[in-house]
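Written below as structure tokens is the structure these notes are about.
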Amino acid sequence: MKKLFALLLTCAAISSASAQDFKPFKWNLSVGYARPTGAGAGGGLLVSTEPKYGLNDQIDIGLRAEIALMAKAVMVNGDVTSGQIKAAGSYVLTGTYLLTTTNFRPYVGIGAGLYAVGGTSFEYKDNMATTPTDYTVEGARKLGLMGRAGFKAGHFNMGVEYNYVPSTKISLTTGQTAKSSNGYVGVKLGFDIGGGRY
């Protein structure tokens with residue numbers, strides 16, 4: 001996180017003397033599809049909002065707030081069980097580099113922030129048991145990273161984001177460890193309010 005802040009401050013210092021053709025402030029609203037990482041997981045709807053400020057015509061900093069509905073999978077000893085659909089939220093500081101200054105603008109970006117991952121419940125039966133046992137993976141707050149790529153065409157925006165969030169692990173009564181992946185990929189369509197040419 002400190003390295004990201006240092007990078008953004010360096011970019012701001014370099015770009016401070018540059019004239020801008022685009023209005024610096026814009027607000028992105030997007031909807032899309034969230035797909036958790038890991039076998040057996042189920043995807044769902046995501047909604048995000050992100051105010052951004054242009055340090056120059058090609059570098060934006062922003063704060064992304066996002067909610068994603070997903071059914072995470074739980075893995076025990078190579079066996080995969082699917083969990084319940086739960087919401088995951090995040091607040092991520094973002095930096096985005098726009099590759100051109102034309103109306104069609106491919107971009108790449110990075111981010112870091114706080115993720116509130118949803119819990120889930122699952123059943124597991126080992127070979128020695130006659131009936132399955134119910135377990136719960138509690139929700140948690142974790143620091144995570146984000147990488148993005150996409151393009152803008154005018155005010156229209158389409159992108160793909162990978163959210164890396166450390167997995168959650170719990171110990172079972174059998175002595176085994178269950179692992180629930182918290183990372184996910186988001187495919188998003190949206191538009192920017194503001195940010196056009198002067």
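Given the structure is predicted, the values throughout are model-derived calculations rather than measurements.
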Can you list every pair that meets salt bridge (Lys or Arg N to Asp or Glu O under 4.0 Å) and has a residue in residues 150-167, with sequence neighbours left out? R64-E161, R148-E161, K152-D192, E161-K188
Nearest heavy-atom contact between V137 and S180 is CG1-CB, 4.3 Å
Taking all non-hydrogen atoms of both residues, which atom of L55 and which atom of Q20 are closest, and how far apart? O-OE1, 3.5 Å
Connected to Y115, directly or through other members, by ILVMFWY side-chain contacts below 4.5 Å are M70, V92, V117, M146, V165, Y184
Quick one: CG on L46 to OH on Y33, what's the gap to the nearest 0.5 Å? 10.5 Å
Partners of D57 by salt bridge (Lys or Arg N to Asp or Glu O under 4.0 Å), sequence neighbours excluded? none
Heavy-atom check, side chain of V76 versus side chain of L172, under 4.5 Å: yes
Measure across R197 and T102 and return the closest heavy-atom pair with its distance rounded to 0.1 Å. NH2-CA, 3.8 Å
Is there a donor-acceptor contact under 3.5 Å from the side chain of S167 to the main chain of K179? no
Any F22 side-chain heavy atom under 4.5 Å of N56 side chain: no
More than 12 heavy atoms of other groups within 6.0 Å of Y91 OH: no
Is there a path from V160 to Y162 through hydrophobic residues (I, L, V, M, F, W, Y) whose side chains come within less than 4.5 Å of each other? yes
Once rounded to the nearest 0.5 Å, what's the spacing between atom OG1 of T94 and atom CD1 of I110? 9.5 Å
ring-ring contact (aromatic ring centres under 6.0 Å, His included) with F151: which residues, sequence neighbours excluded? F104
How many angstroms lie between atom CG of L98 and atom OG1 of T96, to the nearest 0.5 angstrom? 7.0 Å
Can you find a side-chain donor-acceptor pair between T168 and N182 that sits under 3.5 Å? yes
Apply the test side chain to side chain contact (heavy atoms under 4.5 Å, CB included) to residues L114 and L143: give CA-CA distance (whole Å), side-chain angles for both, the deciding distance (0.1 Å), then the verdict. CA-CA 5 Å; L114 183 65; L143 294 177; 4.3 Å; yes
Minimum heavy-atom distance between N28 and K52, given as atom pair plus value: CB-CE, 4.2 Å
Sorted by first residue and then second, give each salt bridge (Lys or Arg N to Asp or Glu O under 4.0 Å) pair with at least one member in residues 136-145; sequence neighbours left out. none
Should L63 and F191 be counted in the same cluster of Ile, Leu, Val, Met, Phe, Trp and Tyr side chains packed under 4.5 Å apart? no
Heavy-atom count around I67 CD1 within 6.0 Å, excluding the residue itself: above 12? no
State whether the side chain of Q58 and the backbone N or O of Y97 hold a donor-acceptor pair below 3.5 Å, judged by distance alone. no
If the test is salt bridge (Lys or Arg N to Asp or Glu O under 4.0 Å), which one of K23, R105, K26 qualifies with D60? K26
Checking V31 now: which residues fulfil side chain to side chain contact (heavy atoms under 4.5 Å, CB included) with it, not counting sequence neighbours? V47
Scanning both residues in full, the closest heavy-atom pair of G118 with K72 reads O-NZ, 2.7 Å
Please give me the minimum heavy-atom distance between A71 and I85, naming the atom from each residue. CB-CG1, 3.7 Å
